[in-house]
Protein chains: 2
Amino acid sequence: MADRRPYRRESEERRREDLIAAALDLVAEGGLHAATVRAIAERAGVTPGLIRHYFTSKEDLTRVAYQRLMERMTTDSAAVLLGGPDDAMARLANFVVASVSPPVADPVAVGLWAAFVHDVRRDAAMREIHTANYLAFRNMLQGLIAALPRPVSDAKLRSDAIACNGVIDGLWLEGSILPEAFALGEIPAIALTSVGAILNIDLVAAYQPDRTLP
Amino acid sequence: MADRRPYRRESEERRREDLIAAALDLVAEGGLHAATVRAIAERAGVTPGLIRHYFTSKEDLTRVAYQRLMERMTTDSAAVLLGGPDDAMARLANFVVASVSPPVADPVAVGLWAAFVHDVRRDAAMREIHTANYLAFRNMLQGLIAALPRPVSDAKLRSDAIACNGVIDGLWLEGSILPEAFALGEIPAIALTSVGAILNIDLVAAYQPDRTLP
DNA sequence: GGTTGAATTACACAATCGTATAACAAGAAT
DNA sequence: ATTCTTGTTATACGATTGTGTAATTCAACC
C-alpha cells in the first residue's frame, strides 16, 4: 500500500471555522467560481471529502460563510464604539467614519459581498441571513441616531436611519470598488458631512478620531 | 446521414446582439455560473460553437455584455430628463426618483450588476468599462446640481455630487435587494429628502411626477 | 493496551465546463 | 445551374465540477 496522507484530528468547531475561512478567502480572491470544493479543502489543509462531512452540501457551506461575512462586517463597524467617547454625536461620527474606512470599506470585502448578492435574491435562506444582518446594522445606526439630543418622531427616526444607511452603503461601495477615484480621506469626510446634513447636525466637529495610537 | 439542424444566416450585428442579450438574461436569472456557453447558445437559438465565431472567448463576451448593461442603466436614468420640465430643481428631483425606481432599481438589475463586481476588481478591461460608466452617471448628476440656482465652489460641487451619488446608489441597492423591507414609494421619498438635505434645497416640493400618463 | 467509534483520506462517477476542429449548407456570386 | 464563401452545426477532447461510498487511521475509552 502506498503511504496515506497523515493527519491530525481536530475539533468540529475548528474544522468548520477553517473551512469557512478558506471558502471566504477563495471567493475574495477569485470569485465564487474559484471556491471549488477541492480548492477550499486544499486551502484549509484537508482533503475534499471532509467538507461533506461537516456540511451537507456546498450550498450549506456557502450559506454559513455568508453569515460569517455579514457578522464580521457589522462587528468591525461596531468595534469603534467600544472604548470610544460617551458623547452621542461623537459616537455616531466615529461609527460613520469606521463604516466607510478599512477594514470595513475594502476592495476585497466588496468583491466578497457582491459575490453573494445573487444567491441572496434566489435562495430564501440566504435572503433571511441578509435581512437579519442588514437590519442589525441599520438598527445599530438608528440607536445611535436616537441617542442624539434632538426630539424626533418614530417615523422620522426610521427614515433618517434608512437615509443615513443609504449614504454609508453607497459611499462604502464606491470607495471600495474604485479607491483610486478618490483622495485620501475624501470619502469619510463626505460621509460625515452628508449624514450631518441629513440629520441637521454638525458631525464633522463631533468626530473624535482614535487617539490611543501614537 | 441524420437530419442536420436547419438554420438561417443572420447579420453579424444581429447575432452578436442576440448572444449578448441571452448572456445577460441568464446571468440575471441564475448568476454568472448559469451563463455557460451552451446555455447562452440555446437561449439565443443557436448552437454553442457559434459563440466562438463571434467572440474570441467567453471572457470577451462577458466584457461586451457588461458594457451593454452599464450603458442601459445610465440611459434609463437619463431618459426621465427628456421631455421633462425645464426647471433645474424639478429636473434633479425627477432624476433622483428615477434612479431609485424601476426599471433602474430592480432586483434583477442588482443581481446582474453584482455578478460583475468581482470581475471589475480583477480584470483591467472590466475596470475601465466600470470607471467610464460610473463617471458618466456621476457627471450627469453633477451637471444637474451645477444647474441649480445657488453659487458653490468647484470643490463643493464635486463633493456634493459624490455625496448625492452615494445616497442614490445606497438606496438603489437596498431597495432593490430587499424590496419587501420598504413601503411603496418610501425609498424615492427618502431619496428626495436626503439629496435635498445634502444640497440644502427643498427637492420634495420640486418633484414633478410625469403627468403624460392618464 | 487492545478495542471501538468516528474523523479523515482515498477513489470513483456522472455531469458539465470552455475550447478546438472538422463537416456541412445556405445564400450570394458567377 | 454551378461554384465559392463563410455562417453554422456537429462532434470530440481534456479538465474540472459536486457528490457518493468505501477504506483507513487517529485518539479516546474501558
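In the text below, chain A, chain B and the rest are named by the order of the sequence lines, each starting its count at 1.
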Is the CD atom of B:E128 crowded by more than 12 outside heavy atoms at less than 6.0 Å? no
With a 3.5 Å distance limit and no angle check, can you tell me whether A:N165 reaches the backbone of A:A161 through a side-chain donor-acceptor pair? no
Between protein and nucleic acid, restricted to nucleotides 21-23 of chain D and to nitrogen or oxygen atoms under 3.5 Å apart, what atom pairs and distances do you find?
residue: D:dA23; atom: N3; partner: A:R4; partner atom: NH2; Å: 3.3

Send over the distance from B:I40 CD1 to C:dC17 C1', rounded to a whole Å. 12 Å
A:R158 to B:A183 - nearest heavy-atom pair and separation: NH2-N, 4.5 Å
Are any of the side-chain heavy atoms of B:V110 and B:W172 separated by less than 4.5 Å? yes
Hey, does A:E12 reach any base, or is it just sugar-phosphate, or nothing, if we go heavy atoms under 4.0 Å? nothing
With a non-hydrogen cut-off below 4.0 angstrom, is A:T36 in contact with a base, only sugar-phosphate, or nothing? sugar-phosphate
So, with a heavy-atom separation below 4.0 Å from DNA chain D, the residues of residues 50-60 of chain A are A:R52, A:S57, A:K58
Is A:R15 side chain donor-acceptor paired with the C:dA7 base, going by distance under 3.5 Å alone? no
Could you check whether A:Y207 and A:F95 have their ring centres less than 6.0 Å apart? no
From CG of A:L32 across to P of C:dC17 the rounded distance in Å is 16 Å
Whether A:K58 side chain and A:T36 backbone form a donor-acceptor pair below 3.5 Å: no
For A:R14 and C:dA7, what is the distance between atoms CZ and C1' respectively, to the nearest whole Å? 15 Å
D:dG7 P sits how many Å from B:D18 CG, rounded? 16 Å
Using a heavy-atom cut-off of under 4.0 Å over every strand shown, decide if B:R5 touches base, sugar-phosphate, or nothing. sugar-phosphate
In whole Å, I'd like the distance from the CG atom of A:L19 to the P atom of D:dG18. 14 Å
Does B:P107 offer a backbone N or O that forms a donor-acceptor pair with the side chain of B:S176 under 3.5 Å? no
Please answer whether the main-chain N or O of B:M126 pairs with a side-chain N or O of B:D119 as donor and acceptor at a distance below 3.5 Å. no
In the structure I gave you, are the side-chain heavy atoms of A:M140 and A:Q142 within less than 4.5 Å of one another anywhere? no
B:Y7 has an atom OH; how far is it from atom C1' of C:dA23, in whole Å? 10 Å
Any idea which of D:dT5, D:dT9, C:dG5 is nearest the A:R9 side chain? C:dG5
When B:R38 and B:R8 are each assigned the nearest nucleotide of DNA chain C, the 5'-most assignment goes to B:R38
